[in-house]
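For reference, the structure is listed below as structure tokens.
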Amino acid sequence: MTSRTKGKTTMEVGGDGVAVVTIINPPVNSLSFDVLDNLKSNYEEALSRNDVKAIVITGAKGKFSGGFDISGFGEVQKGTRKEPKVGYLSIDILTDLFEAARKPSVAAIDGLALGGGLELAMACHARISTPGTQLGLPELQLGVIPGFGGTQRLPRLVGLTKALEMISTSKPVKAEEGHSLGLVDTVVPPAELLNAARRWALDIAERRKPWVCSVSKTDKLPPLGEAREILNFAKEQTRKQAPNLKHPLMCLEAIEVGIVSGPRAGLEKEAQVGSQVVNLDTTKSLIHVFFSQRGTTKVPGVTDRGLVPRKIKKVAIIGGGLMGSGIATALILSNYTVILKEVDDKFLEAGIGRVKANLQSRVKKGRMSQEKFEKTMSLLKGSLDYESFRDVDMVIEAVIENISLKQQIFAELEKYCPQHCILASNTSTIDLNKIGERTKSQDRIIGAHFFSPAHVMPLLEIVRTNHTSPQVIVDLLDVGKKIKKTPVVVGNCTGFAVNRMMFFPYTQAAMFLAERGTDPYLIDRAVSKFGMPMGPFRLCDLIGFGVAVATATQFVENFPERTYKSMIIPLMQEDKRAGEATRKGFYLYDDKRKAKPDPEIKKYIEKARSVSGVNIDSKLEKLSEKEIIEMTLFPVVNEACRVFEEGIAVKAADLDIAGIMGMGFPPYRGGIMFWADSIGSKYIHSKLDEWSKTYGDFFMPCAFLAERGSKGAPLSAPLEQARSRL
Ligand SMILES: C[C@H](O)CC(=O)SCCNC(=O)CCNC(=O)[C@H](O)C(C)(C)COP(=O)(O)OP(=O)(O)OC[C@H]1O[C@@H](n2cnc3c(N)ncnc32)[C@H](O)[C@@H]1OP(=O)(O)O
């Protein structure tokens with residue numbers, strides 16, 4: 001392998017006449033252009049050699065293949081690599097050279113066969129797998145479609161309905177299920193994999209086992225009329241669930257052509273669609289998200305020091321409320337032993353009850369067995385004092401947002417916990433330096449900010465102060481990964497990254513517009529259509545007005561010059577409307593918690609208008625959906641720029657991931673900074689500048705945005721001189 005090539009394959013021909021071709025491209029044996037070139041040469045050689053009767057393809061080090069090398073799409077998008085001729089890889093190589101060969105091939109699959117990896121395996125004449133191996137076509141998740149024949153071969157191997165499910169959810173199946181579906185021919189222990197595959201390949205060559213070309217199979221396909229019905233239903237669902245995405249529908253078209261007009265036409269359609277989707281904006285965004293998500297665990301000065309995460313076995317959680325119980329659930333689900341501490345029996349019982357309910361809901365949905373439920377619950381112990389904290393490796397404090405209470409707790413922790421124990425707080429607003437003021441343990445104090453519900457939401461904001469040691473950050477990054485969260489390391493500031501850049505500006509902008517005459521329900525609709533899970537008013541209802549006001553107060557205190565103080569929520573609170581929990585907020589909620597607009601809202605908005613001395617603005621009253629998006633989300637971009645410039649986030653892509661994972665910003669728009677750059681800093685700056693002149697400082701573009709906007713420079717470009725606080 002030279003420094004310029006990416007991966008390779010090797011071929012060894014055994015005395016039994018089987019050529020074993022091994023994909024070697026760590027860490028997941030992705031199919032780079034180099035790997036594919038090598039694979040083709042190996043095949044050609046194997047087909048031409050008289051001593052080769054059959055071929056086995058496998059992957060090095062227990063992984064068959066994680067699919068096409070995703071960075072290859074980026075190279076094609078940027079134009080640094082010429083795209084191969086349409087159909088070259090899927091038709092010329094995989095179908096006409098491999099599958100149509102006069103020597104059989106068998107895939108020996110260990111660990112994973114995803115995307116192009118599974119497609120390569122499906123082009124072989126049989127598949128042998130090890131137990132637990134992951135088999136799937138997750139391409140839609142990346143904005144592309146299965147492009148190595150997967151749209152044609154998967155329905156022919158597992159049936160149309162199952163194939164549609166696997167492709168549309170991007171979820172893999174395990175080898176055992178794959179076997180019962182007909183996707184793999186047999187499952188054998190890892191130690192037997194290669195020998196079993198060699199024997200199977202020879203058996204096919206010598207006609208003791210069937211020589212199956214999956215692309216020509218028809219027995220699993222439903223009759224045409226039924227197939228059309230299934231496909232029409234799938235299209236309808238896709239339009240409903242992903243109205244802003246084109247590639248899932250394009251994928252369905254390729255599947256349909258194959259079923260209606262035969263596999264060759266299907267392969268051609270797939271190749272054509274495959275080359276079109278690569279250049280969609282949504283695809284560029286989703287690929288950016290894939291790499292950015294993995295990039296959050298690369299923190300300069302921390303993860304590049306060779307530090308090894310220490311083993312965390314036992315974690316204590318203080319506070320069994322909504323957050324504490326959610327965090328406890330996430331931890332026991334990943335086999336951590338957890339102590340949940342509360343102030344009295346009643347609270348403790350309630351806290352443990354919440355954890356139980358979280359797990360029971362999994363049992364009810366069939367996602368957890370009763371046995372696993374009991375085993376998982378046995379990892380949780382309750383406590384009313386700190387005695388049992390003497391051997392914990394980490395504590396996560398999750399009590400109410402009260403500085404002196406937290407200070408007292410941290411002072412106690414220092415007394416009871418061992419020296420190595422990490423002292424984390426789940427605060428969403430309070431300065432961590434203040435929390436640790438009464439201790440001498442500043443180097444092991446860190447923020448572990450979860451998002452509610454903590455056992456479901458994927459983001460973990462890891463907040464470091466100037467004193468937090470890199471070892472403690474590395475430890476928490478490891479815990480984050482183990483509990484299946486995406487950790488993002490941020491600096492210590494009001495609201496940290498997510499609440500500061502997303503929640504505050506976004507909800508304040510919405511209140512600002514509503515007070516000036518924009519219909520709040522229209523705002524929510526426009527924002528939902530843009531792709532956020534819900535609009536700002538529905539979000540305030542969901543988190544509850546009490547929490548919304550408490551956190552907003554922090555923003556008001558710390559950033560008074562750019563806070564919009566609306567009276568709408570306080571006026572509603574006076575009437576005991578506090579959001580979804582009280583069944584009345586900006587919406588009315590029925591027994592099933594379905595939200596319905598409430599005409600009464602007008603009354604509160606009018607009153608807020610008169611208290612604040614604000615008038616209806618004829619322009620803002622008639623905003624288009626595009627203008628609503630700009631006026632609610634450009635303030636978010638503005639604050640994200642400040643967060644970036646201050647060094648609160650290491651890189652702009654971390655803010656993209658934080659917004660996607662913490663607030664549900666649509667991944668197919670790439671995250672807040674990526675989206676902003678797709679619009680252009682010049683335009684965003686000019687709009688904010690114009691609004692700040694008309695409507696005041698809330699919209700005032702920050703210096704960073706003004707500077708980059710004046711040059712039209714990308715907002716996400718690295719800072720020349722990172723003014724990191726860290
Ligand atoms: C034409 C074809 O139809 C198109 C395709 O095949 S598109 C590709 C389809 N395949 C996929 O979507 C699989 C994507 N990968 C994954 O889901 C996961 O990485 C995995 C399940 C393979 C492994 O997960 P995990 O062990 O948690 O490791 P993870 O951190 O995700 O990945 C390890 C490294 O491999 C890289 N990687 C994983 N899959 C890759 C791929 N297909 N191409 C390039 N790099 C890949 C990651 O970027 C990461 O790199 P880093 O260490 O530099 O950050």
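Just so it is clear, the model here is predicted, and its values are computed rather than measured. We count residues from 1, following the sequence as given. Read the numbers this way: they start at 1 and go in the same order the structure lists the ligands and their atoms. Side chains are part of it too, since the values below use all heavy atoms of this structure and drop only hydrogens, waters and symmetry mates.
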Identify all pairs of nitrogen or oxygen atoms, one from ligand 1 and one from the protein, separated by less than 3.5 Å, and list them with distances.
residue	atom	partner	partner atom	Å
ligand 1	3 (O)	E119	OE1	2.6
ligand 1	3 (O)	E139	OE2	2.5
ligand 1	3 (O)	G147	N	2.9
ligand 1	6 (O)	F68	N	2.9
ligand 1	6 (O)	G116	N	2.8
ligand 1	10 (N)	G66	O	2.9
ligand 1	31 (O)	R294	NE	2.7
ligand 1	31 (O)	R294	NH2	3.3
ligand 1	42 (N)	G66	O	3.1
ligand 1	42 (N)	F68	O	3.0
ligand 1	43 (N)	I70	N	2.9
ligand 1	54 (O)	K298	NZ	2.6

Report yes or no: do [X] and [Y] form a side-chain donor-acceptor pair below 3.5 Å?
X: T486; Y: K481; value: no
X: T376; Y: R362; value: no
X: D69; Y: S71; value: yes

>> Parallel, tilted or perpendicular, judged at 30° and 60°: which one describes the rings of F98 and Y43?
In response: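 Because their plane-to-plane angle is under 30°, the rings of F98 and Y43 count as parallel.
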
> Parallel, tilted or perpendicular: which fits the ring planes of F674 and H288, with parallel below 30° and perpendicular above 60°?
Replying inline: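 The rings of F674 and H288 lie parallel, inter-plane angle below 30°.
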
>> Taking the cut-offs as 6.0 angstrom to the six-membered ring centre and 45 degrees off its axis, would you call R669 and F665 a cation-pi pair?
In response: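 No, R669 does not lie over the aromatic ring of F665.
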
